[in-house]
Participant: 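Below is the structure I would like to discuss, written out as structure tokens.
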Amino acid sequence: MKKQIRVLTHAGVSRRQLMKMTSAALVGSVAPNLMSSAAYASDVKGELNYMTYETFGRDVFVDNALEVLGFEIKPTVAANADEMVAKLRAGAKGQFDFITPVHTHVKVMAKLGLIQPVDSSKLTNFNQVYPEFQNMEAWNPGGECYGMPGIWGANAIAFNREMTGEIDSIDALFDPKFKGKIGMHNAYWSSLIVAAFKLGIEKPFAMDEAELQECKKLLIAQKPLVRTYWSNIAEVRSALGSGELALAFTFLSVVAPLRKAGLDIGWVWPKEGAVGWTDGFSIIDGTDKAEQALEYLDYAIGPDYGQVLAEKTRYATVSSEAVERLDPSFVKEIGMDVSQLDKLTFLDIPDNEVRYQEIWNEVRNA
Amino acid sequence: MTELSTPKSDICPDGAAGQSHFFRRFKAQSQAERGRSILALPGLLFLTVFFVVPLIGIIVVSFGETKDFEILYNFNVKNYQKVLEPLYFDVIVRTLKIAILVATVSLLIGFPVAYYLARKVKRWRMLLLILIIAPLWTSYLVRTFAWVQILGANGLINYILNSLGIVDEPVQWLLYSEFAVIIALVHINMPFMILPLYAVLERIDVRIFEAAYDLGASPSRVIRTITIPLAMPGIIIGWLFVFIPSIGAFVTPELVGGTEGLMIGSVIAQQFGTTFQYPFGSALSVTLIILILAVTGVMMKLMSRRSA
Amino acid sequence: MISKGEMSRRALIVWVSLIIIFLYAPVAVVALGSLNKTEVIRFPITEYSLSWYVDLFNNRQIGDSVIISLIVGTLTSVISTIIGVPLAVGINKHGSKTRQALSAICAIPMMTPTLLLGIALLNLFVALSYPLSLSVIVLGHVVMTIPFVVLVVGARYVNMDRSVEEASWDLGAGKFQTFVRVVIPSLRPAIFSAFLITFTLSFDEPVISFFLSGTETTLPVLLWSMLRFGISPEINALATITLIVSLFIAIVAQIATNKQANR
């Protein structure tokens with residue numbers, strides 16, 4: 001004898017409704033899995049699974065690849081190279097074919113067996129890449145080629161000329177005149193290096209304990225002058241734009257949009273030194289799409305891709321032919337001047353990276 | 001502890017027909033009591049597979065060591081000793097301080113709102129509830145950037161203060177300071193305080209209030225002696241819903257904290273990059289979990305003492 | 001002369017309005033910024049343009065990620081609620097020692113940094129040879145959000161008048177029937193709050209989503225990866241549209257509730 005219960009409650013969920021919801025949820029959670037296990041296995045010919053930064057995964061590049069090469073690029077975006085490595089290492093390696101690492105991580109990934117060597121003799125566009133980028137040590141760990149750089153840049157000082165006047169030295173970042181208007185980068189591989197430049201240390205990425213302590217002292221002394229340690233491009237660009245900062249050690253990409261907004265922004269590689277970096281392309285170890293990946297890599301260091309890259313992202317391409325196609329004033333605006341490359345100190349992961357990180361934490365904590 | 005055996009009669013929801021009321025009630029009660037464990041079982045099973053197992057993994061790793069990009073499981077407490085070093089200890093203390101501040105401020109600010117929603121509004125409640133949580137559907141990155149625009153030296157607040165003639169120079173400490181970190185964290189977590197509080201406050205039977213007023217209690221007395229104790233579970237939960245995310249926060253503090261406010265979340269995140277300090281990072285996280293549990297334990301003690 | 005009660009009522013309304021302004025101030029700034037002609041926002045804004053909205057509309061990357069996030073968010077909140085509500089009720093029927101221990105265990109996922117959760121879960125799925133996909137992200141999000149469901153629902157259940165439950169058993173209803181017909185309805189505000197909180201948490205979660213994703217990208221992951229080169233202003237337009245959509249949802253939900261109440 002089942003009695004129906006009428007109690008003082010709002011309209012309840014009947015058992016049948018509950019059952020419906022449950023089965024719908026179960027189906028719903030299985031379906032996407034079914035869909036994507038077909039997709040991610042990348043066994044459709046001409047499909048490349050690509051781990052990269054958002055920029056290289058933009059529609060324009062995806063469409064471009066489809067149009068010119070017939071490849072369907074499926075980008076998975078990551079926030080930074082550390083995350084990329086962490087994910088690949090934790091086991092997601094089998095999911096990807098192609099990756100855009102920053103050059104510092106190439107040797108790490110090679111060591112961990114996450115990427116495979118590239119036969120650069122097979123690259124048709126190799127020779128039109130600027131010679132400085134053809135055989136970079138970072139991309140050839142242990143003498144073996146593990147990928148090619150695709151874009152490069154220099155991190156240096158951007159300044160609001162109206163507020164600071166002309167600047168040519170790293171001393172400006174330590175100048176009490178600009179107290180409360182200075183921006184430093186919240187990263188040990190930026191700010192510790194800036195300190196190293198100021199102290200005249202020869203190998204900023206191979207500092208020993210004593211040199212690190214020197215840098216730490218300098219940076220802690222600098223702290224009262226610093227408005228903020230910026231964490232990402234959007235932030236520092238916005239801060240320079242709103243006048244929160246008068247000058248900062250930052251990436252070149254902040255300059256163009258600020259100038260477009262009408263600000264007189266200066267950009268200078270201080271005479272003491274500037275930091276160089278490259279992002280490029282590597283092939284994931286164990287992929288069955290190595291040939292297609294190589295084809296894409298070849299294309300990506302070539303003039304067509306380089307031109308699209310420069311125009312759409314305002315970053316400097318390594319392809320000399322691409323640069324020749326561009327408007328000289330545009331080239332100047334973006335700062336693609338390869339003649340000064342030897343002045344750059346390229347990023348590197350120091351052997352005692354843990355100490356670098358700890359020292360930077362101590363600076364931030366002070 | 002929990003009973004795992006479930007007699008067949010539990011599955012059949014029928015009240016037994018033709019039995020005496022007393023026997024039926026007894027049977028129903030033991031049915032329900034034995035049924036306690038059933039309700040929780042699927043969930044606990046789920047958590048065991050998808051959380052407890054990974055958690056054990058994390059704990060094991062925390063006793064390991066990194067060498068040459070590999071994790072050695074040589075079982076040592078070096079990482080935990082490192083956690084106690086002045087640098088990390090300092091950061092943890094600061095993090096706790098900020099998180100407690102953020103949670104308490106959120107509670108004070110948010111309680112009236114939850115109260116209003118639960119007790120004073122009937123018609124527009126749904127609208128207000130969604131309005132309160134809706135700002136969180138725009139990414140917190142975007143909103144934190146907006147705070148920079150608002151608090152900056154050339155931002156909205158300074159613009160207003162300047163126009164009204166209250167200040168001649170822009171106020172610098174609004175942004176890139178611990179103050180900014182607290183404001184931003186309060187903003188981001190506020191809805192997580194209001195919603196649980198509302199859910200609990202809504203429960204309180206109106207007749208209790210009526211009885212109290214009948215007996216001559218003043219509104220403030222009622223709030224103090226009736227509302228708050230009855231709302232205590234909601235207060236605790238709301239406080240925890242703000243406290244816990246604030247402890248682990250690092251993106252927002254880095255964006256608006258300037259050179260101040262280094263929090264433990266940043267340090268933990270750093271350990272999982274190319275330094276591969278997974279063991280140390282895990283140890284930091286385990287320490288954090290223990291700290292949070294300790295604080296939670298204190299809160300629960302308060303709750304059981306003061307709740308009705 | 002207004003009564004004390006009326007005065008406190010007005011004060012309350014003023015306070016609530018201030019909090020709403022506080023909650024929406026950044027969003028309003030973002031909305032304003034979305035209309036700004038240039039990428040860089042300086043107050044006061046001089047040139048207006050809708051170009052970012054046009055760009056947003058044409059941006060497949062962003063569009064796809066929004067849809068994926070919506071799917072993940074909805075699935076997460078549904079599953080998390082379905083698992084979490086019985087869990088909360090089941091736990092809270094126990095004596096205080098067991099209850100606290102179980103509650104603590106259920107709460108630990110929210111105390112664990114998402115970075116660790118993401119990596120640990122990834123390791124788990126790799127060890128199980130289980131392919132990554134949207135459903136795996138959902139699983140990860142469910143683990144992350146169950147504590148919220150359990151705690152909110154538990155807090156309300158603790159306050160619930162058990163005699164109603166007992167009355168229902170007295171009248172011969174079985175435990176499951178009682179649960180569904182009696183307990184759940186009285187927990188409704190808590191369940192609804194838990195659902196909203198869970199959806200919101202999942203919709204804005206970048207880390208676990210990154211580690212557990214196959215080749216799909218959720219919106220927060222996309223946003224985070226934009227940080228490296230600069231967040232495109234289309235995002236401001238997106239945020240504004242999200243705002244408008246949520247206002248719309250709020251109004252629709254309110255109308256639906258009113259209709260149901262009037263029936």
Side-chain angles (χ1 to χ4, degrees), chain B residues 1 13 15 24-25 28-29 31-32 35-36 39-40 42-43 46-47 50-51 53-54 57-58 109 112-113 116 124 126-127 130-131 133-143 146-147 149-150 156 159 190 192 195-196 199-200 202-203 233-234 237 244 248 268-269 272 285 289 292-293 300, chain C residues 12 15-16 19 23-27 29-30 41 43 83 86-87 89-91 93-94 98 100 104 108-113 115-116 120-121 124 139 143 151-152 155-156 158-159 169-170 172 174-177 189-190 193 196-197 200 203-204 220 223 235 239 242-243 246 249-250 253-254 257:
Chain B
M1 207 172 72
R24 216 188 314 145
R25 182 166 190 213
Q29 226 175 33
Q31 269 182 3
R36 272 184 208 173
L39 274 181
F46 176 84
L47 278 181
F50 291 109
F51 179 67
V53 168
I58 293 175
I109 300 185
V113 181
Y116 180 73
W124 302 109
M126 175 67 76
L127 183 78
I130 297 193
L131 276 187
I133 195 130
L136 269 60
W137 294 338
T138 56
S139 157
Y140 73 81
L141 273 179
V142 177
R143 279 176 293 133
W147 274 112
Q149 306 285 4
I150 297 179
L156 200 59
Y159 181 67
M190 175 76 78
F192 297 133
L195 258 65
V200 173
E202 197 264 4
R203 181 70 204 136
I237 300 300
I244 297 176
I268 295 181
F272 292 88
S285 305
I289 293 178
I292 297 177
L293 282 173
M300 291 297 191
Chain C
L12 207 51
W15 186 259
V16 173
I19 298 299
L23 284 174
Y24 277 90
V27 190
V29 168
V30 170
I41 304 177
F43 282 118
I83 298 183
L87 185 55
V89 173
I91 287 180
K93 282 185 191 270
H94 288 279
T98 324
Q100 285 182 7
I108 296 187
M110 76 189 272
M111 306 174 189
T112 318
L115 185 54
L116 271 101
L121 281 171
L124 179 69
L139 262 167
V143 171
L151 291 178
V152 171
R156 181 164 166 117
V158 153
N159 265 359
W169 296 330
D170 275 358
K175 138 210 79 56
F176 188 63
Q177 212 176 21
S193 298
L196 278 181
I197 291 179
T200 308
F203 193 65
D204 201 13
L223 283 175
I235 294 301
T242 310
L243 176 65
S246 37
I249 293 178
Q254 181 62 58
T257 320

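Lettering follows sequence order; numbering is per chain, from 1.
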Participant: Where does C:Leu115 contact chain B at under 4.5 Å (heavy atoms): side chain, backbone, both or neither?
Facilitator: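 It is the side chain, since no backbone atom gets that close.
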
Participant: Is the closest side-chain heavy-atom distance between B:Leu195 and C:Leu196 below 4.5 Å?
Facilitator: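 A side-chain contact under 4.5 Å exists here.
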
Participant: For each of B:Ala134, B:Gly248, B:Ser285, B:Pro196, tally heavy-atom pairs with chain C at distances under 4.5 Å, and name the one with the top tally.
Facilitator: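 Going by pairs under 4.5 Å, I would pick B:Ser285.
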
Participant: Is there a donor-acceptor pair under 3.5 Å between the side chain of B:Arg143 and the backbone N or O of C:Pro26?
Facilitator: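 No, because the side chain of B:Arg143 does not come within donor-acceptor range (under 3.5 Å) of the backbone of C:Pro26.
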
Participant: What are the two closest heavy atoms between B:Leu127 and C:Gln254, and how far apart are they?
Facilitator: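 Reported closest heavy-atom pair: N-OE1, 2.7 Å.
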
Participant: Which one wins on heavy-atom pair count under 4.5 Å against chain C: B:Leu136, B:Val53, B:Ile268?
Facilitator: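 Counting heavy-atom pairs under 4.5 Å, the top option is B:Leu136.
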
Participant: Ignoring hydrogens, what is the shortest heavy-atom contact between B:Ile130 and C:Ala253? Give both atom names and the distance.
Facilitator: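 The pair with the smallest heavy-atom distance is CD1-CB, 3.7 Å.
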
Participant: Which atoms of B:Phe272 are under 4.5 Å from chain C, going by heavy atoms: the side chain, the backbone, both sets, or neither?
Facilitator: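 Contact with chain C: side chain only.
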
Participant: Nearest 0.5 Å please: distance from the CG atom of C:Leu23 over to the CE atom of B:Met190.
Facilitator: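 C:Leu23 atom CG to B:Met190 atom CE measures 6.0 Å (nearest 0.5 Å).
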
Participant: Between C:Ile108 and B:Leu293, does a side-chain contact (heavy atoms from CB on, under 4.5 Å) hold up when you go through it step by step?
Facilitator: CA-CA 8 Å; C:Ile108 296 187; B:Leu293 282 173; 4.1 Å; yes

Participant: Of all the heavy-atom pairs spanning B:Ala199 and C:Ser193, show the shortest one and how long it is.
Facilitator: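 Looking at all heavy atoms of both residues, the shortest contact is CB-OG, 3.9 Å.
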
Participant: Given a strict heavy-atom distance threshold of 4.5 Å, which part of B:Ile244 is in contact with chain C: side chain, backbone, both, or neither?
Facilitator: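 Side chain only.
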
Participant: When you measure from the side chain of C:Trp15 to the backbone of B:Ile109, do you find a donor-acceptor pair of N or O atoms at a distance under 3.5 Å?
Facilitator: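 The answer is yes, because a donor-acceptor pair under 3.5 Å joins these two groups.
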
Participant: Where do B:Ile289 and C:Met111 come nearest, in terms of heavy atoms and distance?
Facilitator: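 Taking every non-hydrogen atom into account, CG1-O, 3.8 Å.
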
Participant: Pick one of side chain, backbone, both or neither for C:Pro113, based on which atoms fall under 4.5 Å of a heavy atom in chain B.
Facilitator: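 Only the side chain of C:Pro113 comes within 4.5 Å of chain B.
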
Participant: Under 4.5 Å, counting heavy-atom pairs only, tell me which of B:Gly43, B:Pro135, B:Ser139, B:Pro54 racks up the most with chain C.
Facilitator: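 Looking at each of B:Gly43, B:Pro135, B:Ser139, B:Pro54 in turn, B:Pro135 comes out on top.
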
Participant: A side-chain contact here means heavy atoms from C-beta on lying under 4.5 Å apart; do B:Leu47 and C:Ile83 qualify?
Facilitator: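 When only atoms from C-beta onward are counted, C:Ile83 and B:Leu47 do not touch, as no gap falls below 4.5 Å.
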
Participant: Please look at B:Leu141 and chain C and tell me whether the side chain, the backbone, both or neither of the residue comes under 4.5 angstrom of a heavy atom of that chain.
Facilitator: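 Only the side chain of B:Leu141 comes within 4.5 Å of chain C.
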
Participant: So for C:Thr257, is it side chain, backbone, both, or neither that comes closer than 4.5 Å to the heavy atoms of chain B?
Facilitator: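 Looking at C:Thr257, just its side chain touches chain B.
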
Participant: I need the minimum non-hydrogen distance between B:Ile237 and C:Ala155, along with the two atoms involved.
Facilitator: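 Smallest heavy-atom distance, with atoms named: CG1-CB, 3.7 Å.
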
Participant: With a 4.5 angstrom heavy-atom cut-off, is it the side chain or the backbone of C:Leu116 that approaches chain B, or both, or neither?
Facilitator: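 Both backbone and side chain.
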
Participant: With respect to chain B, which residue among C:Thr200, C:Val152, C:Thr242 yields the maximal number of heavy-atom pairs within a distance under 4.5 Å?
Facilitator: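 Most heavy-atom pairs within the cutoff with chain B belong to C:Thr200.
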
Participant: If we only count heavy atoms from C-beta on, is the C:Leu87 to B:Phe46 side-chain gap below 4.5 Å?
Facilitator: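 SC-SC contact between C:Leu87 and B:Phe46 ruled out.
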
Participant: Hey, which of C:Thr112, C:Ile197, C:Val27 has the most heavy atom pairs under 4.5 Å with chain B?
Facilitator: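 Heavy-atom pair counts peak at C:Ile197.
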
Participant: Which heavy atom of C:Val30 sits nearest to which heavy atom of B:Ala146, and what is that distance?
Facilitator: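 The pair with the smallest heavy-atom distance is CG2-CB, 3.7 Å.
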
Participant: Rounded at 0.5 Å granularity, tell me how far CG in C:Asp204 sits from OG1 in B:Thr138.
Facilitator: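 These two atoms lie 8.0 Å from each other.
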
Participant: I'd like to know which of C:Leu121, C:Leu139, C:Leu243 tops the heavy-atom pair count under 4.5 Å against chain B.
Facilitator: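 With the most close heavy-atom pairs to chain B, the winner is C:Leu139.
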
